[in-house]
2 protein chains.
Amino acid sequence: MPASEAVEQQEQPWSRRRLRSTNERLLLDRLRGLGAASRAQLARETGLSKPTVSSALASLAAAGLVHEVGTHAPERGRTAVLYAPDPAAGYALGVDIGRGWLRVAVVDLDGTVVARADVRNRARASAALTDLVVATSRQVIVNSGVDPAEVVHGVVGTPGVYDEKQRRVRYAMHLPGWGRAGLVDHVRTELGVPLEVHNDANLAALGEYTYGVGAGSRLFAYILIGTGLGMGIVGEGRLFTGAHGLAGEIGFLPWHGRQKPERLEDAVSGVAVVEAARQFGMRGQLTAKAVFDAARQRHPAAVRAVELEGERIAHTVAAAAAVLDPDLVVLGGGVGHSVDLLLRPVREHLRALTPLRPRLAPSRLGEDAVLLGAVATALDTARDLVFERRTAGT
Amino acid sequence: MPASEAVEQQEQPWSRRRLRSTNERLLLDRLRGLGAASRAQLARETGLSKPTVSSALASLAAAGLVHEVGTHAPERGRTAVLYAPDPAAGYALGVDIGRGWLRVAVVDLDGTVVARADVRNRARASAALTDLVVATSRQVIVNSGVDPAEVVHGVVGTPGVYDEKQRRVRYAMHLPGWGRAGLVDHVRTELGVPLEVHNDANLAALGEYTYGVGAGSRLFAYILIGTGLGMGIVGEGRLFTGAHGLAGEIGFLPWHGRQKPERLEDAVSGVAVVEAARQFGMRGQLTAKAVFDAARQRHPAAVRAVELEGERIAHTVAAAAAVLDPDLVVLGGGVGHSVDLLLRPVREHLRALTPLRPRLAPSRLGEDAVLLGAVATALDTARDLVFERRTAGT
DNA sequence: GCCTCTAGTAAGGCTCCTTAACTTTATCGG
DNA sequence: CCGATAAAGTTAAGGAGCCTTACTAGAGGC
């Protein structure tokens, strides 16, 4: 999925202007990594000369992208003036449209959340849902106290896959009406913010990579177990989306169930846990959460249902491990706080299934993974945008 | 797996020297894509000015990387002098160490094969194998008439995975002795050529991408069915190797066989076809090739064995499709000329297994896929090396 | 023969980087 | 308190590489 058009790289020749720009970018990125640094320090680390660093940093400061942020007294010698990126040079919007909850956050360029809202999603029609998304986002932007024009980019997470050509979300079975064409365009124009749409599992994976347990992994898979089943794959910090953006749609993995071959998604999702528990003899109004709670109390049928769920997930992990060779697999999603119950059975079944055993970990971000992933993705683009427009004038 | 150390990018600052270098590289790459072009044409296409193109091209010519190659008379106006990369500026070596055959080729920078040898691999011990590889490679280089010092890089394809730290090939069960430490180092020093070692399925995938049916694919998987079972994954022209170089080791996919869960590799490899045929009632000295030949003659047991093999491969493809979302899956390997027999059953079973059905195609390169992949990979590095040493002086 | 169109060269200027020397400001040791 | 030392940062000079403009060279068309 291409980013906003504004960032699109036109294949410029390598003129001097581009050289300058590249060096400024180098300094800005280094500064983000370091938090704050003096000009002399930057010169040492980048290999650029001190005068060059001074002048480039002056340009960046004039454009409002960096600012003085304090001083540092070295062992001896003159005190250094420290520079840091200005977090207020732009803002990004993250939205997580889930079946149960709608979550919205505005972050500054440092990635600090300046405003956030979590509201129940009771919308059962497309109009209601888009209205809710627009209203909540507007409200969050207002609450943040940020000039709406400074929110330069947004990312929306949703089940399914966004089809650029048909301008609609596909395969989002659990959000009634959300598959209609033009809905995203409607939200975009209403908010006046450039929007990208990404799969929720993919964003959760990016969130877990940026802020969570996936940090530093060379290649990891995030398995989102909830109303649906999805997997996000992150390699070297970038999302792996496949040829049509369907990579990680492990709901389609072949799975030989007890009776007949069926879709894996039907066997692993939350509904399946309930169904299994009922088959094993549980009675009453059941939800996935109820089954996990019962298992925690050692209710025999619930324990068996959880065990079965673990076996199914192990199958998924084994397939992903053989094909992808990740160094880490993260379990997360609506099963959320129940992941601890699943880890042991998954590990056990995995031992029987395959000699490849990637590290297995529960999500650190829990329910926030998708939102934080959306925010991290939006931030990436927002930083580019803010840097690009630096010359163009406001 | 990192390339040769010489190519390693030290994070240089963006000085003017680097700018010059980048522009020369830009021109050289463009020239490779075009085959031959005039300076005016290059100026138009790259956006660089005519004087810049002229001077950069003069440097490249002085370094022996490009040369005049003819003239072109436009509709009207002065005839243009055409420049093209000099294929003789360096050479690359490709080696395919298979269980049955050892193949070696030397190519020039255009990718044209200047010498090649295919010899039976009867070695059954590590010393014999390394000797064979060294002797054959030397012979091919001699036959090519190329100064050995001009062979700047080589790539070796083998089953298994090369472990940089332990300096040995792992998981190469079908090559006796080949797993010993230091063997590759021995070959490297004997030949005096920098060598990389890659998995054969991975190289076959790259070969099929560069010269075969995978050309232009955004993401495709090459399934190598032979003595073993492997898969190579190529996305956007680059190999996808996973966190430890084990991506595509689909031999480890969980597979519920008729009796018990077993390793998929045992169920899909050539041996398995023979075994299945025997179970279905075939008698005598059987090889995989014999079974396929019999199936072509409509021998019932052989047909059923092929059918079963098709089902197993379909399972593999379905798993890869759900996890990776490729737009193309290529079947190739030792089953080689029998792929046509497998396509139909694979397609049929796939229909039952998953709604995701990537395009399925037989290998175009056949037995040459690994060698050509090795050559293509070596070429990539060789071009870099030749370009890098341009300034350093011979 | 002149015009036009394309390829290529020459000269001058601009941008931006580097080196080197210098200034400023701090600590340290007497 | 004062010079030595060290680090941060500035100023000045020089140079590398690119672009623009203006030119020459060669090949048809009218």
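Chain A is the first sequence line, chain B the second, and so forth, proteins listed ahead of strands; every chain is numbered from 1.
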> Tell me: CG of Leu27(A) to P of dG9(D), nearest whole Å?
13 Å
> Look at the side chain of Asp110(A) and the backbone N and O of Thr112(A), then say whether any donor-acceptor pair between them is shorter than 3.5 Å.
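Not a single qualifying donor-acceptor pair exists.
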> Can you find a side chain N or O atom of Asn23(A) that sits less than 4.0 Å from OP1 or OP2 on dC17(C)?
yes
> Just checking, any donor-acceptor pair under 3.5 angstrom between side chains of Glu196(A) and His153(A)?
yes
> With a cut-off of 3.5 Å and sequence neighbours excluded, list every side-chain donor-acceptor pair involving residues 55-70 of chain B.
residue	atom	partner	partner atom	Å
Ser55(B)	OG	Arg20(B)	NH2	3.3
Ser59(B)	OG	Ser55(B)	O	3.2

> At 4.0 Å (heavy atoms only), tell me whether Thr52(A) reaches a base, stays on the sugar-phosphate, or touches nothing.
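Base contact.
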> Assess whether a salt bridge exists between Glu208(B) and Arg364(B), defined as any Lys/Arg side-chain N lying under 4.0 Å from an Asp/Glu carboxylate O.
no
> Rounded to whole angstroms, how far apart are CZ on Arg20(A) and C1' on dA16(D)?
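These atoms are roughly 17 Å apart.
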> For the side chain of Ser54(B), starting at C-beta, report the closest nucleotide among dG9(D), dT9(C), dA7(C).
dT9(C)
> To the nearest Å, how far apart are Leu19(B) CG and dC19(D) C1'?
12 Å
> Report yes or no: does Asp327(A) contribute a side-chain atom to a donor-acceptor pair with the main-chain N or O of Arg218(A) at less than 3.5 Å?
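Yes: the side chain of Asp327(A) pairs with the backbone of Arg218(A).
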> With Asp384(B), which of Arg389(B), Arg390(B), Arg25(B) fulfils salt bridge (charged side-chain N to carboxylate O under 4.0 Å, His left out)?
Arg25(B)
> What is the distance, to the nearest angstrom, from the CD atom on Glu24(B) to the C1' atom on dG17(D)?
11 Å
> Rounding to a whole Å, what distance do you find between Leu48(B):CG and dG17(D):P?
14 Å
> What's the closest nucleotide to the Arg44(B) side chain, out of dC18(D), dT20(D), dA7(C)?
dA7(C)
> At under 4.0 Å between heavy atoms, how does the protein contact nucleotides 22-30 of chain C? Give one character per nucleotide, 5' to 3', with B, S or -.
--BBBSS--
> Assign the ring pair Tyr209(B) / Phe220(B) to parallel, tilted or perpendicular, where the plane angle (0 to 90°) is split at 30° and 60°.
parallel
> Once you round it to whole Å, what is the distance between C1' of dA7(D) and CG of Leu82(A)?
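Those two atoms, CG and C1', are 14 Å apart.
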> Nearest whole Å is fine: how far is dA7(C) C1' from Gln41(B) CD?
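The distance from CD of Gln41(B) to C1' of dA7(C) comes to 12 Å, rounded to the nearest Å.
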> What's the CZ-P distance between Arg18(B) and dT18(C), to the nearest Å?
13 Å
> Give the angle between the helix axes at the two ends of the helix from dG1(C)-dC30(D) to dG30(C)-dC1(D), taking five base pairs at each end and rounding to 10°.
10°
> Starting the side chain at C-beta, find the nucleotide from dT21(D), dT19(C), dC18(D) nearest to Ser49(A).
dT19(C)
> Among dT11(D), dG8(C), dT21(D), find the nucleotide with the atom closest to the side chain of Pro51(B).
dT21(D)
> I'd like to know if the side chain of Ser54(B) reaches the main chain of Pro51(B), judged simply by a donor and an acceptor atom lying under 3.5 Å from each other, with no hydrogens or angles considered.
no
> Under a 4.0 Å N-O cut-off, is there an ion pair linking Arg167(A) with Asp185(A)?
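Asp185(A) and Arg167(A): salt-bridged.
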